[in-house]
Amino acid sequence: MKESRKLSNFFIPTLKEDPKEAEIPSHKLMVRAGMIRKLASGIYEFLPLGWRVVKKVEDIIRREMNNISGQEIVMSALQPKTLWDKSGRWEKYGPELMRLKDRKDREFCLGPTHEEVITHLVGTNLSSYKDLPLTLYQFQMKFRDEIRPRFGVMRAREFYMKDSYSFDKDIKACEKSYKDHVGAYRKIFSNCGLKYKEVEAATGNIGGQSSHEFMVTAETGEDEIVLCESKDCDGGYSSNVEKADYRRSEIKQNIVKAEELKEIHTPDRRTVGEVAKFLNQPPEKFIKTLIYDSDKGPVVALVRGDHELNENHLKTYADAGELTLAGKDTIKDITGAPVGFAGPVRINKEAVHKIFADKAVKYIKNAVSGANQKDYHLKNINYGRDYKIKKDNFKNLRKVIKGDLCPRCGKELAFKRGIEVGHTFLLGTKYSKSMGAQYTGADGVRKDIIMGCYGIGVTRVVAAAIEQSHDKDGIIWPDSIAPFDINIIQLSDQLSDKTDNICKELFSELSKDYEVLWDDRAESPGVKFKDAQLIGIPVQVVVGRNYLKEGQLEVQFRKSGKKVFIKPKELKETMENEKENEKNN
RNA sequence: CGGGAAGUGGCGCAGCUUGGCUAGCGCACCUGCUUUGGGAGCAGGGGGUCGCGGGUUCGAAUCCCGCCUUCCCGACCA
């Protein structure tokens with residue numbers, strides 16, 4: 001028997017009006033359909049209807065994780081600081097880590113992710129190459145003190161996540177584990193009925209060498225991605241804009257005479273915008289000079305005034321661990337001036353580890369930039385004459401912009417928005433090294449275990465599914481993750497032994513193969529129809545006047561809106577037919 | 001953290017400018033009657049320290065000061 005329910009006895013507080021704090025459809029609908037309630041900013045309770053959907057997604061994930069030989073475990077959400085000290089992330093993770101102390105003043109955090117715990121677990125309990133490969137996974141609430149929680153469960157401070165970790169003896173074996181996961185993720189997201197894109201991604205807080213994100217495409221997505229949609233593109237290209245590479249379309253040699261370098265007084269004008277306005281010059285004539293601190297020393301990046309620096313690219317070229325915008329002191333050392341007057345001319349190269357420039361900078365004629373002197377800028381700066389940078393240090397440093405071309409095939413890139421529902425990381429030895437997780441090889445030599453980690457935001461998948469599939473009346477669930485398969489709507493004006501009996505019969509008969517929600521409430525038809533549309537169960541079976549008159553059920557499909565009148569015994573066949581039709585569309 | 005908005009029964013709001021009677025409306029809830037195919041009608045009823053603290057005043061939801069919370073726009077991320 002399946003998990004069927006009567007609505008009269010189901011805790012599902014639906015609302016007629018949108019909650020005022022909700023902006024995007026999935027948030028509004030999840031609250032209105034009685035799936036979730038907010039307890040505090042970014043902290044939500046899942047009610048029976050909402051949790052059923054989460055469980056559906058969970059089951060789909062579990063099946064695929066088991067298919068790639070993953071083994072399910074549960075680790076502790078509460079994690080001791082000592083472990084995080086080893087990886088160095090107690091410091092590095094910053095204020096996003098939820099920290100707390102126990103009665104003896106020992107420090108803990110609520111796990112935002114589990115690399116430390118699992119590396120410790122495996123490192124202390126696995127010793128031979130014979131035990132590899134190994135993949136472990138879990139479902140668990142994760143805690144991240146987000147700067148700005150947003151959009152309901154889309155960006156929550158407590159959220160339900162599937163995280164898995166692979167352990168391998170060498171990089172080749174790890175690449176196989178990584179591929180297996182990517183394959184599993186593809187199945188998971190398509191089984192959830194989602195349209196998604198795989199993109200190259202930056203590794204962020206987790207670190208590691210290579211990483212991909214699974215993006216559900218939706219207007220309301222918080223991420224921006226670029227794709228090459230050209231059919232001729234070899235293998236295609238898709239990337240998060242954070243990471244995206246490109247070929248340029250904008251670089252042209254300007255045939256303009258180089259004019260004489262001039263110093264200009266620009267009191268209290270620091271930003272490109274301010275100086276541009278003051279001098280009445282377009283931002284694309286400016287050279288923006290950004291100074292970063294890194295573990296190797298200060299790094300300087302030059303980009304054109306109207307462009308934005310891509311820190312991920314700079315990080316890669318500078319071969320630096322972390323980059324943070326430099327403070328006053330570093331800037332003073334390098335420019336001899338306060339913040340806001342940095343420029344490439346007469347910069348103190350002694351104090352700098354490396355200088356990089358975006359390729360576009362080279363071609364700005366008679367450029368404007370800081371004079372490295374308080375309240376002064378320079379104009380008519382020209383590359384070669386006024387400043388020099390090694391040829392190899394001209395790179396793609398700016399963020400990808402509209403009009404840029406595919407780095408593989410040269411066709412124009414398309415921009416889309418996406419919701420990140422999954423992320424895969426090839427970690428290498430980042431954690432096994434710092435946490436001391438090693439194995440003994442066949443040759444008797446101790447080696448670091450090669451790791452990968454892989455996450456799916458389960459609760460976010462639910463929100464993303466709604467974002468992708470809803471209408472003005474409510475949610476339209478994909479069959480695979482719908483909270484119920486069939487919604488029996490017994491119209492209250494027809495409450496009688498006759499409709500009661502057929503509903504009872506349908507309920508118990510259908511429950512052998514389907515999850516059924518029977519609306520047996522003493523509500524008016526309007527209320528029942530509206531609620532049914534709102535909660536979006538794929539098949540609605542209306543038992544009302546047509547049954548009393550003709551012995552017919554009225555079956556309505558949420559997705560197609562199609563309505564048919566049939567005898568009760570034809571129901572299963574009708575549902576199968578509709579499923580076929582939907583597949584073909 | 002910067003910029004913007006808002007806190008009044010469970011939900012959505014009005015009242016505040018110009019202080020004054022018992023704090024009001026819609027939805028939801030309870031009781032009764034009537035209704036019943038796309039969020040029914042009538043009658044009756046319950047539920048509010050007006051975010052918190054302080055101040056001004058004979059009198060504060062309303063004016064002043066401080067704090068807290070929530071939401072939206074930017075940096076983080078599943």
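In the text below, chain A, chain B and the rest are named by the order of the sequence lines, each starting its count at 1.
Side-chain atoms of Arg155(A) and base atoms of C77(B) include a donor and an acceptor less than 3.5 Å apart. In terms of polar N and O atoms assigned as donor or acceptor, the side chain of Glu554(A) comes within less than 3.5 Å of the base of G37(B) in a complementary pairing.
Contacts of Gly457(A) with the nucleic acid, taken as non-hydrogen atoms under 4.0 Å apart, include base atoms.
A side-chain donor from one of Gln140(A) and His114(A) sits under 3.5 Å from a side-chain acceptor of the other. His181(A) and Ser164(A) form a side-chain donor-acceptor contact under 3.5 Å, judged by distance and modelled atom types alone.
With C1' as the reference atom, G48(B) and G15(B) are 15 Å apart, rounded to whole Å. Between C63(B) and G74(B), the distance separating the two P atoms is 32 Å to the nearest Å. A gap of 16 Å separates the P atoms of G53(B) and U69(B), to the nearest Å. With both ends at atom P, the span from C42(B) to G26(B) equals 10 Å, rounded to whole Å.
Checking Asp531(A), Asp473(A), Asp18(A) one by one against Arg32(A), the salt bridge (Lys or Arg N to Asp or Glu O under 4.0 Å) holds for a single residue, Asp18(A). Looking at Val303(A), Leu302(A), Leu309(A) one by one, the single match for side chain to side chain contact (heavy atoms under 4.5 Å, CB included) with Asp358(A) turns out to be Val303(A).
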* To do: Give RNA chain B the dot-bracket treatment, 5' to 3': Watson-Crick (N1-N3 with N6-O4 or O6-N4) or G-U (N1-O2, O6-N3) under 3.5 Å, [ ] crossing, | other strand.
  => ((((((((.[[[[.)....(...]]]].((((((.....)))))).....[[[[[..)....]]]]])))))))....
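With sequence neighbours excluded, no residue forms a side chain to side chain donor-acceptor pair (under 3.5 Å) with Lys197(A). Residues meeting the ring pair (Phe, Tyr, Trp, His ring centres under 6.0 Å) test with His313(A), sequence neighbours left out: none. Residues meeting the side chain to side chain donor-acceptor pair (under 3.5 Å) test with Asp145(A), sequence neighbours left out: Arg157(A). In this structure Asp180(A) satisfies the salt bridge (charged side-chain N to carboxylate O under 4.0 Å, His left out) test together with Lys176(A), sequence neighbours excluded. Partners of Lys559(A) under the salt bridge (charged side-chain N to carboxylate O under 4.0 Å, His left out) rule, at least two apart in sequence or in another chain, are Glu582(A).
Annotation: proximity of residues 41-61 of chain A to RNA chain B (heavy atom, distance under 4.0 Å) is found for Ser41(A), numbered in ascending order. Of all the residues in residues 467-475 of chain A, not one reaches under 4.0 Å from RNA chain B with any non-hydrogen atom. Proximity of residues 183-194 of chain A to RNA chain B (heavy atom under 4.0 angstrom from any strand atom) is not detected for any residue.
Among pairs with a residue in residues 457-467 of chain A, none fulfils salt bridge (charged side-chain N to carboxylate O under 4.0 Å, His left out), at least two apart in sequence or across chains. Among residues at least two apart or in separate chains, salt bridge (charged side-chain N to carboxylate O under 4.0 Å, His left out) pairs with a member in residues 213-224 of chain A are Arg150(A)-Glu222(A), Arg155(A)-Glu222(A).
Residue Arg148(A) has no polar side-chain atom (N or O) positioned under 4.0 Å from OP1 or OP2 of A75(B). Considering only side-chain N and O atoms, Lys16(A) lies under 4.0 angstrom from the phosphate OP1 or OP2 of A28(B). Here Arg150(A) reaches the OP1 or OP2 of C73(B): one of its side-chain N or O atoms lies under 4.0 Å away.
A salt bridge links Lys55(A) and Glu58(A); the closest N-O separation between the charged side-chain nitrogens and carboxylate oxygens is under 4.0 Å. Salt bridge status for Lys56(A) with Asp59(A): absent, with no side-chain N to carboxylate O gap under 4.0 Å.
What separates CZ of Phe151(A) from C1' of C72(B) is a distance of 9 Å, to the nearest Å.
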Detail all sub-3.5 Å separations between protein N/O atoms and N/O atoms belonging to nucleotides 12-15 of chain B.
unit_1 : atom_1 : unit_2   : atom_2 : d
G12(B) : OP1    : Lys20(A) : N      : 3.4
G12(B) : O2'    : Glu17(A) : OE2    : 3.3

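Stacking annotation: Phe529(A) is not stacked on the base of G39(B) (requires ring centroids less than 5.5 angstrom apart and an interplanar angle below 30 degrees).
Lys402(A) forms a cation-pi arrangement with Phe415(A), by the criterion of a distance under 6.0 Å to the ring centre and an angle within 45° of the ring axis.
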* Step by step, work out the side-chain hydrogen bond (donor to acceptor under 3.5 Å, both in side chains) result for Asn191(A) and Ser480(A). => CA-CA 7 Å; Asn191(A) 287 347; Ser480(A) 59; over 6 Å; no
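Taking the six-membered ring where the residue is Trp, the centroids of His423(A) and Phe425(A) are separated by under 6.0 Å.
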